[in-house]
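Here the structure comes first, spelled out in structure tokens, and everything after it is commentary.
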Amino acid sequence: MKKIINDPSTVVEESLKGMASAHPDLIEVQLDPAVVVRADAPVPGKVAIISGGGAGHEPLHGGFVGRGMLDAACPGHVFTSPTPDQVQAAVQKTDGGAGALLIVKNYTGDVLNFETAAELAEADGVAVRSVVIDDDVAVTDSLYTAGRRGVGGTLLLEKVVGAAAERGADLDGCEALARKVIGQVRSMGLALAAGTVPHAGEPGFTLADDEIELGIGIHGEPGRRRVKIGTADEMVKSLLDPILDDLPFAAGDRVLLFTNGMGGTPLIELYLAHGIAERLLAERGIVVERRLVGPFVTSLEMQGMSLTLLKLDDELVELWDAPVHTAALRWGV
Amino acid sequence: MKKIINDPSTVVEESLKGMASAHPDLIEVQLDPAVVVRADAPVPGKVAIISGGGAGHEPLHGGFVGRGMLDAACPGHVFTSPTPDQVQAAVQKTDGGAGALLIVKNYTGDVLNFETAAELAEADGVAVRSVVIDDDVAVTDSLYTAGRRGVGGTLLLEKVVGAAAERGADLDGCEALARKVIGQVRSMGLALAAGTVPHAGEPGFTLADDEIELGIGIHGEPGRRRVKIGTADEMVKSLLDPILDDLPFAAGDRVLLFTNGMGGTPLIELYLAHGIAERLLAERGIVVERRLVGPFVTSLEMQGMSLTLLKLDDELVELWDAPVHTAALRWGV
Amino acid sequence: MACSGHGVAVAMRTAAKVLEEHRDELSRLDREIGDGDHGENMHRGFAALVTAMERDAPDSPGGVLKLVAMTLISKVGGAAGPLYGTAFLRAATAVKDTGELDAPTVAVALRAALDGVVARGKAERGDKTMVDALLPAVLAAESAAERGEDVPALLRAAADAAAEGADSTVLVLARKGRASYLGERSVGHMDPGARSTALLLRTFADVASGHR
Amino acid sequence: MACSGHGVAVAMRTAAKVLEEHRDELSRLDREIGDGDHGENMHRGFAALVTAMERDAPDSPGGVLKLVAMTLISKVGGAAGPLYGTAFLRAATAVKDTGELDAPTVAVALRAALDGVVARGKAERGDKTMVDALLPAVLAAESAAERGEDVPALLRAAADAAAEGADSTVLVLARKGRASYLGERSVGHMDPGARSTALLLRTFADVASGHR
Ligand SMILES: Nc1ncnc2c1ncn2[C@@H]1O[C@H](COP(=O)(O)OP(=O)(O)O)[C@@H](O)[C@H]1O
Ligand SMILES: Nc1ncnc2c1ncn2[C@@H]1O[C@H](COP(=O)(O)OP(=O)(O)O)[C@@H](O)[C@H]1O
Ligand SMILES: [Mg+2]
Ligand SMILES: [Mg+2]
Ligand SMILES: [Mg+2]
Ligand SMILES: [Mg+2]
């Protein structure tokens, strides 16, 4: 394992310290328990939007803390959900009197820990709601699984709900909006090569030289199947088709297309893939009105990508365009 | 080689198409010869700031085209400098009547091609100046080399000069500012693992499992020496010390610290390294006033990082903070 | 061996050692069918517990169990944190303020732990989770208690059943937790949580029997 | 073999084939001591040249050489593009509007090409660049011309000298271009630009001698 780290057991903590020093105007980082909080928290009268999850997906979630997006993020250890006391601390630090909305990705660990946290926060007298995002179409919901996973759609959810909260939406409004977004966002990813969890010391999985994992999860969990690597055209289509079929998306739909890098795939490839996705969508008569391209919901240095499609309406376009000022996403300010 | 591409020979073109579709409001992409131009070019009365270089360093340079930074970027093939006709086309497309400043990284190919381009543009009747940036301290200037290479400092140069041009600085002013920045910016990088040029099909170099290349160039060219991989503390110090000694930077200096990822190193490691660099600078009494962290001047999917230090004064701080609206760097707008 | 608060504390400290020894093994199992952090998660939790017990060693078994629960909940994270946390919390509640645990109380505590895990995780036997180790352990403990066995014998029976239960997870398809995403590919690998449950029960049995 | 414009065009088309055959070799050499694109660069330039010559085939040697120059300048990029572009441009200028090239004119053209490369790149012999192949080739061509040899013989002498010159780059330290960043590590590898120069001259000699 080759990494720019000092010690696997201090990676998250040291990375958080570095992040704090890189963005002193934007965030405050507390280490025990670990929480990234926007610098001007609590914002009186504003619903606090809080998310979190295992580290290793940077800039998710800490990179999205700031005006117009998250009030706080709770980073767990690498690929390990955060603990309830972290979430409880986040709620305490950001409570502006209007309650808190917890954005949880659908993994057993995350759901259980946030559940416990919500109980603790309620006991502290803060009104708390939780939403669970499960946008990954690779793993179909069935009796036999713990349900779909939360992946790239999380960023879009955090942006849109964050904008609404910033404009003064109340807790009911934020929760309803979140459920709406979750209802109309879908993602799927693929991997060309695995990342390495620092304390594991070796790659999470191994693929043959001509093989990709289709439907990869952001912790390196497998998805649908291993297939031979194809052209970019084929790979993008193999991600897009299941997404389109799932909601389904139809001709005339307005969408946001998010082409996400898994951490180890360079921008030159992401743009190439994005162009293909736009072309395929145009062929289907689906109208791409907004787009985002880059490594935003990553899996350490995994090589690969995911596509996320969010069905838009005027409300969502306006909220997407609203000013945001975070470490990883910034416009209008 | 595993990449999300269709064909090594069309990677740059297809990636540019994808970039165009991702940022329709920001840039216009022309393919033969390949040029990325800001959407509202030419801006009457404004000095055109133009850069370019081989592809594979994304977002450099195309990701920095837009208001407050570059007017145009000329992408060559992967790791191959662009040709004079590309630069000539860029000058034609962006000439607002106030001349053009070409920002050239110090590589034989880039220098020669931009030189020819400048002659062609002058023949077209446009006043053209060129500056060559050579901020990499890994390779020392001597009789025996083609001089230092241009690396991470290029981004800072483009931002600062772009801001000045946007405010109406004339060609003399832009050139003088550029020379000032070049005089006080220094960088050095290291690699943990090589990237693979698409048409080469195999990694540019091979390092042992416990080895890093200290002083790596952004085309995978070696620098000072291969050394055993150390802790992050040691690696950051091995980059920072030569930078500090070179200018030299001294206690009390105000600086911008740019912690750059080489493409395959995830943000969690970059932030960790950034935090160490800030700490080491603080110990030396050097004041970090501005910072940038992320993969901005990359080498395909190379794993590694570089540090860049720019000595600041009030003028440079103001120009750095000025609004910028490009695909990869955006604030104040 | 006494099932006093001190005895329970010794068992927990020993468990911390055992989990450290088996850290890589548990992570390796988790890498096969999950995300590779289970060994690290358990080690981190029990290492924190040792530190917590140095600061504050409750007298009663229930007090120790509660400290274990609170520490695991706040230090482990992942699925294992809340699940084991709930298990120990329910066990703590079940033993109330008993000073010395007898066999029937241990059986009741184990049953409460199982109920807690199932209440949180909604896994059934055969889903390839820690339940596959814990459930047979509880059944074995309950019949041992009915037979009038003492605490060491009861825990040995529970540990044997848990080991067998963990082994049984190798051949089944995962249906809960991260491993479920693997579908058929989860078959052939032991569930890491079932393995850690078996390890814990074996350690408790060994400590109770004076073997460690 | 005639050194008419047609003959030069045939030589260039053959060179395109040769460079395609040696694309991987040149890139591999460049990967050892540079950035690995020299084969691709040369291939791209000469492939574009073939296309350009299909559209428009100038009659005179000078016309063909100028088309080569302009195509390489606008298609190759890197260091090789402007260097080879300048070389062919200077050669074109040197032969003026001669209809058939004789041996002395070829020698003059080669000298002009060399001067162009040196004017642009400022490399000296021994710097481990294409100059190490081109300079001895020019010297060999000049003495062949003095000896009154014909064009095929002159080009064979030049090609032999270029090949030897390219070989000589293996043992020296690079001082110009990307390879110079390698310092001592550049020793032991042939310079790709010297190799491509040797290949071009060998091809020109072969075509002139009727061997290809
Ligand atoms: N719903 C569930 N019910 C019971 N046990 C579960 C459930 N989900 C996961 N587990 C257990 O948790 C173990 C994984 O724990 P761990 O690796 O620490 O957390 P994570 O899965 O979040 O990475 C699994 O091996 C399994 O035994
Ligand atoms: N200053 C120079 N003078 C002469 N030849 C040079 C010079 N710099 C580089 N070269 C030649 O160019 C070759 C490399 O060309 P190429 O790989 O196509 O371009 P780049 O180095 O820009 O990637 C080298 O092998 C060397 O022969
Ligand atoms: Mg985990
Ligand atoms: Mg090159
Ligand atoms: Mg796990
Ligand atoms: Mg090269």
Side-chain angles (χ1 to χ4, degrees), chain A residues 2-7 11-12 14-23 55-56 58-59 63 78 192-193 195 207 209-210 212 229 231-233 235-236 259 263-276 278-279 288 291 293 295 298 300-301 303-305 327-328 330-333, chain B residues 2-7 11-12 14-23 55-56 58-59 63 78 192-193 195 207 209-210 212 229 231-233 235-236 259 263-276 278-279 288 291 293 295 298 300-301 303-305 327-328 330-333:
Chain A
K2 282 172 128 177
K3 288 184 181 287
I4 306 171
I5 62 174
N6 283 318
D7 175 345
V11 167
V12 174
E14 287 188 78
S15 185
L16 286 172
K17 278 186 194 161
M19 195 185 178
S21 64
H23 309 286
E58 291 68 22
V78 175
L192 282 68
L207 292 168
D209 276 354
D210 62 348
I212 63 169
I229 189 170
T231 62
D233 284 339
M235 286 191 274
V236 169
T259 302
T265 283
L267 209 47
I268 189 170
E269 294 176 39
L270 292 183
Y271 273 127
L272 190 150
H274 180 81
I276 296 168
E278 290 237 10
R279 181 163 46 76
V288 180
R291 48 277 276 182
V293 182
T298 64
L300 297 167
E301 70 277 19
Q303 269 183 281
M305 62 170 291
R330 179 171 180 182
W331 54 75
V333 57
Chain B
K2 282 172 129 177
K3 288 185 181 289
I4 305 171
I5 62 174
N6 284 318
D7 175 347
V11 166
V12 175
E14 289 188 75
S15 185
L16 286 172
K17 279 187 194 162
M19 197 187 177
S21 65
H23 308 287
E58 291 69 20
V78 175
L192 282 67
L207 292 168
D209 276 354
D210 62 348
I212 63 170
I229 189 170
T231 62
D233 284 339
M235 288 190 273
V236 169
T259 302
T265 283
L267 209 47
I268 188 169
E269 293 176 41
L270 292 182
Y271 273 127
L272 190 149
H274 180 82
I276 295 168
E278 290 236 11
R279 181 164 45 76
V288 180
R291 47 279 275 184
V293 183
T298 64
L300 296 168
E301 70 276 19
Q303 271 182 278
M305 63 170 291
R330 180 171 179 181
W331 53 77
V333 55

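To find a chain, count down the sequence lines: A is the first, B the second, and so on, and within it residues start at 1.
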Problem - Interatomic spacing from CG in B/D210 to NZ in A/K2 - rounded to 0.5 Å - result: 7.5 Å
Problem - Inter-residue atom distance A/S21.OG - B/R279.CZ, 0.5 Å rounding - result: 10.0 Å
Completion exercise
Applying a strict 4.5 Å limit to non-hydrogen atoms, the region of A/V11 in contact with chain B is both
Problem - Residues forming a side chain to side chain donor-acceptor pair (under 3.5 Å) with A/E58, sequence neighbours excluded - result: none
Exercise for the section: Rounded to the nearest 0.5 Å, what's the gap from CG on A/D233 to CD1 on B/I4? Could you check? Expected result: 12.0 Å
Practice task
Under 4.5 Å heavy-atom distance to chain B, tell me which part of A/E301 shows up: side chain, backbone, both or neither.
Solution key: both
Handout entry: From A/T265 atom OG1 to B/K3 atom NZ, the distance as rounded to the nearest 0.5 Å
Key = 8.5 Å
Completion exercise
The residue among B/H23, B/K17, B/E14 that forms side chain to side chain donor-acceptor pair (under 3.5 Å) with A/Y271 is B/H23
Problem - Greatest number of heavy atom pairs closer than 4.5 Å to chain B - which of A/N6, A/V236, A/L192 - result: A/N6
Fill in the blank from the handout: Answer key: most heavy-atom pairs under 4.5 Å with chain B among A/H274, A/R330, A/M235 is A/R330
Practice task
Among A/L272, A/V333, A/D7, A/V288, single out the residue with the greatest number of heavy-atom pairs under 4.5 Å to chain B.
Solution key: A/L272
Exercise for the section: Tell me, for B/I5 versus chain A, whether the close heavy atoms (under 4.5 Å) come from the side chain, the backbone, both or neither. Expected result: both
Fill in the blank from the handout: Note: vs chain A, highest number of non-hydrogen pairs under 4.5 angstrom among B/Q303, B/E278, B/M305 is B/E278
Exercise for the section: For the residue pair B/T298 and A/P266, establish whether any side-chain heavy-atom pair is separated by less than 4.5 Å. Expected result: no
Practice task
Check each atom of B/V293 against the heavy atoms of chain A and say whether the ones under 4.5 Å are side chain, backbone, both or neither.
Solution key: side chain
Practice task
With a 4.5 angstrom heavy-atom cut-off, could you sort out which part of B/L16 is near chain A: side chain, backbone, both or neither?
Solution key: neither
Fill in the blank from the handout: Counting heavy-atom pairs under 4.5 angstrom with chain A, the leader among B/A232, B/G195, B/G18, B/A328 is B/A232
Handout entry: Region of B/D209 in contact with chain A, defined by heavy-atom distances below 4.5 Å
Key = backbone
Fill in the blank from the handout: The reported gap from CG in B/L270 to CE in A/M19 (rounded to nearest 0.5 angstrom) is 12.0 Å
Problem - Option in A/G275, A/A22, A/G264 with maximal non-hydrogen atom pairs under 4.5 Å from chain B - result: A/A22
